[in-house]
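Just so we're on the same page: letters track the sequence lines, and every chain starts at 1.
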Amino acid sequence: MTTTTQIPATASALKHKRMEQFEPSVVARKVSVFYGEKQALFDVDLDIGRHEVTALIGPSGCGKSTFLRCLNRMNDTIPICRVTGKISLYGKDIHDPDIDVVHLRARVGMVFQKPNPFPKSIYENVAYGPRIHGLAASKAEMDEIVLTSLDKAGLLGEVKDRLTEPGTGLSGGQQQRLCIARAIAVGPEVILMDEPCSALDPIATAKIEELIDELRENFTIVIVTHSMQQAARVSQRTAFFHLGVLVETGETEDIFTTPKDKRTQDYITGRFG
Amino acid sequence: MSDLAIRNVGMTSAMDATTTNSQRVAAGLKGRYAAERRFKAYGVLAIAFALACLMLLMWTIVSHGYTAFVQTMVRLEITLYPQDIDPDGKRDRDVLSTADYRTPIRQAVADLFPDVQGRSDQRQLDALVSPGAVFLIRDMVMADPSIVGKRVSITIPVSDDLDQLNKGYINPNVAEADRKVSDKQIAWFQRLKDRGLIETNFNTILFTMGDSREPELAGLWGATVGSFFTLAVTIALAFPIAVMTATYLEEFAPKNRWTQLIEVNINNLAAVPSIVFGLLGLAVFLGFFGLPRSAPLVGGMVLALITLPTVIIASRAAFKSVPPSIREAALGLGASRLQTVTDHVLPLAMPGILTGAIIGMAHALGETAPLLMIGMVAFIVDIPGGLTDPATVLPVQVYLWSDSPERAFVERTSAAIMVLLVFLFAMNAVAVLLRRRFERRW
Ligand SMILES: Nc1ncnc2c1ncn2[C@@H]1O[C@H](COP(=O)(O)OP(=O)(O)O)[C@@H](O)[C@H]1O
Ligand SMILES: [Mg+2]
């Protein structure tokens, strides 16, 4: 009952070959986050591998979203939030004065917990990012970007005949893939996903998980999930957070089979969370 | 097995408790439903009372005012002798506009009653037609000078007293001294009627003319145009300022003590009596800046101050109702804050903002007291042609007419209220339509 071998999905993680050489694209050092007086994250050190899926797991309220939002500086939009420590993207500190937050967010895209398409057409949803960043010189180029992004998000087949219809008219799973297409369209290096499947049914979830596996080819992905099965299925590396502290991090199969910390072990065996 | 048995025992005892509880619930049910029925009845009563009051109000206004939409006219054959009107025969506009049109009218009436002799009788006879009829003839001649020297058949309004008599507001059976029309006038009017010269027409004057001392010549067009100019200024000032303020406060301003202070003061301003804004306008716009009196420009500025807080509050509520997830989505894609607002938040907030703005405008349209302070209560005959021309507005016109002694102004006051209400209802309907239209966009 308490053996870790019970999690079958580790098999899928095992399928992926171990990285011969670990090559981080994002490096976080001593990252602490404060909401007003309250500290939500304590000195987090984490390396996020390039073109890998890194899963952030942990009980709710432990600071997973908070950490994720540090990576594209979405926490800047919360007035009481203060971030200390150093986060670098390909060796460049994202808090450097010469890093523009708008530019950073073009390089580090985000998909949210609840699908949040704009109340505009499917086409407009995907085209918005490229348009504000001036990525397409012509209508034809924009069409190209929109179609390839929808294709990469596995949505093109379902929506190609109704690109002018509202994005909000799609099903939940389709909306979430539209949000992924929207993020991809800007051509980011890293995609952050905050519990992208928590509002979806199992079939839609399976589709997104499959999609994440494909996206790994081209993007570095950080995914927050409350489902350990999901973490095991989609991720190569896993970071376990508890009460604002990064308890343990490592290759997913190691975390799930041979956790070093007692708290990790308790969590993945379902003792708390 | 024994485990199961124990559980069963536990279940039964629980069931017992449930039965008694269920009885208790059943006993209380009647009272609970009765309370609900009572509550519903109070609600229905309250609505019925409110509706009854509204119906009574509407009934009073309509029953007093509907007769103002028709006007009693008399058909006269008027000969415009050139020697009376244009002795030089040059058709000079100055001469035509100051010519004596009274004599031809008097002559035309006298021709109908050749038997009337004596000065006093003749004066009474003259009083049958509106003294303002001369202006109608003058306007006709000015528009087409070739009719000078011809015999024209036109309908002109009868005097307001005869009009009231015709509409049944003057009782011919009371003593002659107690009514505005004499026995002779009643008899003459009857003769005109018998000859088929009296017509009751739709009162176009009410909708095409400015104010007048003579009720039968008084119209709402001047006040309508004045209201239009005033509201144009109000919306041109209040809408952009309110939207900018709300946008800044909701989307950009840091939440600190200063913004809180501003917020509190905006709410306070919304509660300031409107007449205070009128005094402010008088002191600042007229007194300090020396802007013209009675002008729609100043009226609009004062009304803009009055409606600003309302529109700001409505706009902020509209901004607050836009889901934060939309802002996150845009920011997460790398949109700047301004782009997030202009591309996503503002369009989504627009229906709410527009509704607030239109309701604010409807409020401004009905506002009277502050406009009295800045002189928009003057008696103005001319239709205003611009923002700085002296003008009045519909509610002030209602006030002015309700203050006039003539019986014929009573019905016109109600008619003016009806016109004002039609404008207000139309504006509210537009607000509802706009909201529907924009909200339907998924
Ligand atoms: N906007 C905020 N303001 C104040 N406290 C916050 C805010 N967002 C998160 N927190 C706090 O930070 C802690 C971590 O939250 P979060 O990162 O959302 O957890 P998780 O995503 O792991 O469930 C929680 O204790 C939460 O109460
Ligand atoms: Mg979270």
List the steps and the verdict of side chain to side chain contact (heavy atoms under 4.5 Å, CB included) for A:Thr225 and A:Ile57. CA-CA 6 Å; A:Thr225 173; A:Ile57 61 170; 3.9 Å; yes
List the steps and the verdict of side chain to side chain contact (heavy atoms under 4.5 Å, CB included) for A:Leu155 and A:Glu158. CA-CA 6 Å; A:Leu155 193 61; A:Glu158 290 155 67; 4.2 Å; yes
Run the numbers on B:Thr234 and B:Met361 for side chain to side chain contact (heavy atoms under 4.5 Å, CB included), then give the verdict. CA-CA 8 Å; B:Thr234 307; B:Met361 289 308 114; 3.8 Å; yes
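Screening residues 352-367 of chain B for salt bridge (charged side-chain N to carboxylate O under 4.0 Å, His left out), with sequence neighbours left out, gives no hits.
Heavy-atom pairs under 4.5 Å with chain B peak, among A:Arg105, A:Met110, A:His133, A:Gln113, at A:Arg105. Among A:Val111, A:Asn116, A:Leu104, the residue with the largest count of heavy-atom pairs under 4.5 Å with chain B is A:Asn116.
If you check the side chains of A:Asp151 and A:Thr148, you find no donor sitting under 3.5 Å from an acceptor.
At a heavy-atom cut-off of under 4.5 Å, chain B is reached by A:Arg69, A:Met74, A:Thr77 from residues 67-92 of chain A, listed in order of number. The stretch residues 190-197 of chain A places none of its residues near chain B, where near means some heavy atom under 4.5 Å from a heavy atom of that chain. The contact list for residues 309-332 of chain B toward chain A, using heavy atoms and a distance under 4.5 Å, reads B:Ser325, B:Ile326, B:Glu328, B:Ala329, B:Ala330, B:Leu331, B:Gly332 by residue number.
Proximity to chain B is limited to the backbone of A:Pro117, based on heavy atoms less than 4.5 angstrom apart. Of the two parts of A:Val108, only the backbone, made up of N, CA, C and O, holds a non-hydrogen atom closer than 4.5 Å to a non-hydrogen atom of chain B.
A side chain to side chain contact (heavy atoms under 4.5 Å, CB included) with B:Phe277 holds for exactly one of B:Thr307, B:Leu308, B:Leu303, B:Ile306; it is B:Ile306.
Side-chain N or O atoms of B:Ser227 include one that pairs as donor or acceptor with a backbone N or O of B:Leu394 at under 3.5 Å. A donor-acceptor pair under 3.5 Å is formed between the side chain of A:Gln175 and the backbone N or O of A:Thr168. Looking at A:Arg182, its side chain never comes within 3.5 Å of a backbone N or O of A:Tyr128 through a donor-acceptor pair. A donor-acceptor pair under 3.5 Å links the side-chain atoms of A:Gln176 to the main chain of A:Phe112, judged by distance alone. Put simply, the side chain of A:Ser149 never gets that close to the backbone of A:Ile184: no donor and acceptor are under 3.5 Å apart.
Counting all heavy atoms, side chain and backbone alike, A:Pro130 lies closest to A:Ile145 at CG-CG2, 3.8 Å.
The CD1 atom of A:Ile48 sits 12.0 Å away from the CD1 atom of A:Ile221 when rounded to the nearest 0.5 Å. To the nearest 0.5 Å, atoms CD1 (A:Ile180) and CG (A:Leu211) are separated by 5.0 Å.
Within the 4.5 Å cutoff, the side chain of A:Leu178 has no heavy atoms near those of the A:Phe118 side chain.
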